[in-house]
Amino acid sequence: MTQILSSSPLLTVFLVIALGTLFGSIPFGPLKFGAAGALFVGLAAGALDPELGKNLSLISAIGLALFVYTIGLAAGASFFRDLRKQGPLLFGAVALLAAYALIVALGGKALGLDANLLGGMFAGSLTTTPALAAATDAAGGSAQPAVGYAIAYPVGVIVTMVVVTALMRIKLPANNDPDPASAAGLATQTIRVEKPMRIQEIPGIAEVVGSNEGELRVSYLLREGKMQVAHPDGSLKTGDLAFLVGLPDAVAAAGKALGKPIEGDISNDRTDVNFNRFTVSNSRLVGKPVANLFLPARFQSLLTRVRRGDTDMLATAGTRLQMGDRVLVVYPVEREEEIAKTFGDSEHKISAIDYLPFGLGIAAGVALGLITIPLGSLGSLALGAAAGPLVVGLILGRVDRLGPLVFSLAPSANNMLRQMGLVLFLAAVGLSSGQAFAAKAFSLTGVKIGLLAAVGMVPVLLALWLLGKVLGLSTARMAGAIAGFVGQPAILSHVQTTIPDERCESGYSATFALGIIAKIVLVQIVMVL
């Protein structure tokens with residue numbers, strides 16, 4: 001059997017991926033290893049025969065590039081937004097990552113551990129695959145970083161899970177992090193207008209052109225028995241029935257400012273005015289703000305909501321569209337076909353990938369990673385094949401497009417490519433490192449790595465929590481930030497199950513992307529200290 005597998009690397013890799021997926025789905029308490037199952041099955045298979053791990057470097061490199069580049073594309077917009085909004089938390093987290101790197105380097109030296117093992121241990125305890133790739137490059141392709149990674153990975157997840165579970169029982173004051181207004185989702189209300197005013201003067205309205213602010217929109221308008229779409233530049237008159245959609249508090253406040261709520265929902269009358277979801281598959285709309293579509297002027301229509309992934313958002317004038325968005329439009333019934341054509345509304349098209357911008361983006365990232373910065377006696381530092389595509393992906397994810405080149409991907413396409421890249425990389429690394437792992441994992445060296453990871457992580461995670469307390473952040477945001485600091489979606493899932501609050505995911509996204517870049521740089525420093 002091993003002869004057949006060693007003669008067909010492609011068969012071996014995909015068999016490891018399949019079995020790894022099965023192993024990754026097995027629950028160990030609240031934890032599942034997920035895609036990391038491919039690493040552990042690969043290690044087990046590679047330990048059986050060293051021939052199974054040969055000639056896999058290209059598969060590993062392609063998998064890594066796909067993974068980190070698509071992460072960058074998905075996180076680009078939120079990453080740059082979070083740099084402004086959550087700066088103190090972000091840079092505090094980076095400082096703590098640097099402190100942990102110092103603990104690993106000095107502690108490992110005191111324990112007599114090899115620098116290559118320490119690099120892998122640093123990456124594994126923080127469950128960060130791109131950092132493992134950077135460590136492997138810095139080690140000249142040695143299997144030692146993968147061994148340290150595989151030993152420290154479950155330790156990092158378990159320790160973090162225990163620490164964050166205990167900390168979530170502590171309610172932080174959150175003086176600077178009030179409950180999100182959108183926690184209850186979007187609300188709707190029909191109002192009988194008693195105080196006429198222009199729509200753009202309604203408190204909390206999201207109609208101001210070019211603005212990303214606003215918590216409310218007016219969609220339907222029933223005037224003198226005739227249903228119509230409420231034009232953003234229009235006015236509400238006494239006796240009008242206006243349909244409001246937005247954040248619950250904003251809807252309530254606007255209702256009081258306009259008149260009185262009434263029973264019933266005027267949007268149920270779809271004789272003259274209808275509403276529907278349309279899929280953004282027209283590449284020319286990607287990156288455009290809602291205001292620049294000029295829907296009220298062109299089609300007497302109004303875009304009120306955007307569903308992106310699993311999140312339904314109120315559409316403001318400044319909301320920029322992305323490929324695969326599902327937009328809710330209120331429109332006169334006779335304009336439906338024109339509106340569908342405008343957005344594209346093709347599920348098939350969003351699953352297709354334009355490989356020209358995709359290939360150029362990854363190529364630019366790989367080229368950036370080749371740039372080496374000399375550090376004198378300490379050697380040199382490079383972003384490498386891990387951080388180069390990630391950085392370029394973040395930038396392109398922020399800009400969405402350059403002229404006719406559309407870089408953003410629909411969430412479904414992005415997730416598919418990301419997961420495929422991850423399991424390819426982990427399976428190849430596991431197969432290549434199986435022999436070294438078998439020799440070290442259950443030895444005194446393996447025990448030292450596990451203990452150093454556990455002892456080093458606890459004070460750093462506690463320090464991050466205390467930082468959140470000092471900054472006046474909430475329990476939900478800090479629990480998510482710890483999950484992002486470690487970079488483990490399974491921990492985020494556990495946090496969200498315990499605290500169903502959108503600030504968990506916001507905290508996670510804030511520390512995740514910048515954390516990956518910091519870890520890629522720091523892991524190389526760990527190996528030369």
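All values below come from the heavy atoms of this structure, side chains included, with hydrogens, waters and symmetry mates left out.
- When all heavy atoms of Ile350 and Ala413 are compared, the pair lying nearest together is O-CB, 4.1 Å.
- Atoms NZ and OG1, from Lys469 and Thr475 in turn, are 10.5 Å apart once rounded to the nearest 0.5 Å.
- For Asn414 (side chain) and Thr70 (main-chain N/O), a donor-acceptor pair under 3.5 Å exists by modelled atom type.
- Using the six-membered ring where Trp is involved, Tyr355 and Phe358 have ring planes that are perpendicular, over 60° apart on the 30 and 60° scheme.
- With a 4.5 Å cut-off on side-chain heavy atoms, Phe425 and Leu132 count as touching.
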* Please step through side-chain contact (heavy atoms from CB on, under 4.5 Å) for the pair Val164 and Leu461, ending with a clear verdict. => CA-CA 8 Å; Val164 79; Leu461 295 177; over 6 Å; no
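- Two residues are said to be in side-chain contact when any heavy atoms from C-beta on lie closer than 4.5 Å; Asp400 and Val406 fail this criterion.
- In this structure, Ile202 and Met197 have side chains that are in contact, with non-hydrogen atoms separated by less than 4.5 Å.
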* To do: Take Met323 and Leu409, measure what side-chain contact (heavy atoms from CB on, under 4.5 Å) needs, and give me the verdict at the end.
  => CA-CA 6 Å; Met323 186 69 79; Leu409 298 171; over 6 Å; no
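- A pairwise comparison of heavy atoms in Leu467 and Ala93 identifies CD2-N, 4.3 Å as the closest pair.
- Nearest heavy atoms, Val251 versus Gly246: CG2-N, 3.6 Å.
- Distance alone, capped at 3.5 Å, places no donor-acceptor pair between the Thr127 side chain and the Gly124 backbone.
- Note: Met313 CE to Asp325 CG = 6.0 Å, rounded to the nearest 0.5 Å.
- How far CZ of Phe485 is from CH2 of Trp465: 14.5 Å, rounded to the nearest 0.5 Å.
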* Under the side-chain contact (heavy atoms from CB on, under 4.5 Å) rule, what do Leu172 and Leu473 come out as? Steps first, then yes or no, please. => CA-CA 7 Å; Leu172 294 177; Leu473 302 180; 5.6 Å; no
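- Between Asn282 and Thr342, the closest side-chain pair of non-hydrogen atoms is not below 4.5 Å.
- Between the side chain of Ser125 and the main chain of Gly156, no donor-acceptor pair closer than 3.5 Å is present.
- Dense packing is recorded around CZ of Arg307, with more than 12 heavy atoms of other residues, nucleotides or ligands lying under 6.0 Å away.
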* Passes side-chain contact (heavy atoms from CB on, under 4.5 Å), Met478 versus Leu464? Steps please. -> CA-CA 8 Å; Met478 289 313 302; Leu464 180 59; 4.0 Å; yes
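- In this structure the side chain of Ile199 never reaches within 4.5 angstrom of the side chain of His231, judged on heavy atoms.
- For the pair Ser346 (side chain) and Ser281 (backbone), a donor-acceptor distance under 3.5 Å is absent.
- With a 4.5 Å cut-off on side-chain heavy atoms, Leu167 and Leu462 count as touching.
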Which donor-acceptor pairs under 3.5 Å do the side chains of residues 296-303 make with protein atoms, sequence neighbours left out?
from   : atom 1 : to     : atom 2 : distance (Å)
Arg298 : NH1    : Leu293 : O      : 3.0
Gln300 : OE1    : Arg335 : NH1    : 2.6
Ser301 : OG     : Phe299 : O      : 2.8

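- In this structure, CG on Leu236 lies 13.5 Å from NZ on Lys195, to the nearest 0.5 angstrom.
- Residues Leu97 and Lys519 share a closest heavy-atom pair of CD2-CE, 4.0 Å.
- A pairwise comparison of heavy atoms in Val495 and Ala479 identifies CG1-CB, 3.6 Å as the closest pair.
- By the 4.5 Å heavy-atom criterion applied to side chains, Asn276 and Tyr331 are counted as neighbours.
- The only option from Leu258, Thr190, Thr188 that meets the side-chain contact (heavy atoms from CB on, under 4.5 Å) definition with Leu244 turns out to be Leu258.
- Leu396 and Gly361 get closest at one heavy-atom pair: CD1-CA, 3.9 Å.
- Using the six-membered ring where Trp is involved, Tyr220 and Phe275 have ring planes that are perpendicular, over 60° apart on the 30 and 60° scheme.
- Atom CD1 of Ile191 sits about 9.5 Å away from atom CG of Leu241, to the nearest 0.5 Å.
- Environment of CZ in Arg270: crowded, with over 12 heavy atoms of neighbouring residues, nucleotides or ligands closer than 6.0 Å.
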* Hey, mind stepping through Thr279 and Arg326 against side chain to side chain donor-acceptor pair (under 3.5 Å) and telling me if it holds? -> CA-CA 5 Å; Thr279 300; Arg326 296 272 295 163; 2.8 Å; yes
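- Separating the CG atom in Leu285 from the CZ atom in Arg401 is a distance of 8.5 Å, to the nearest 0.5 Å.
- With contacts defined as side-chain heavy-atom distances shorter than 4.5 Å, the pair Leu221/Gln228 qualifies.
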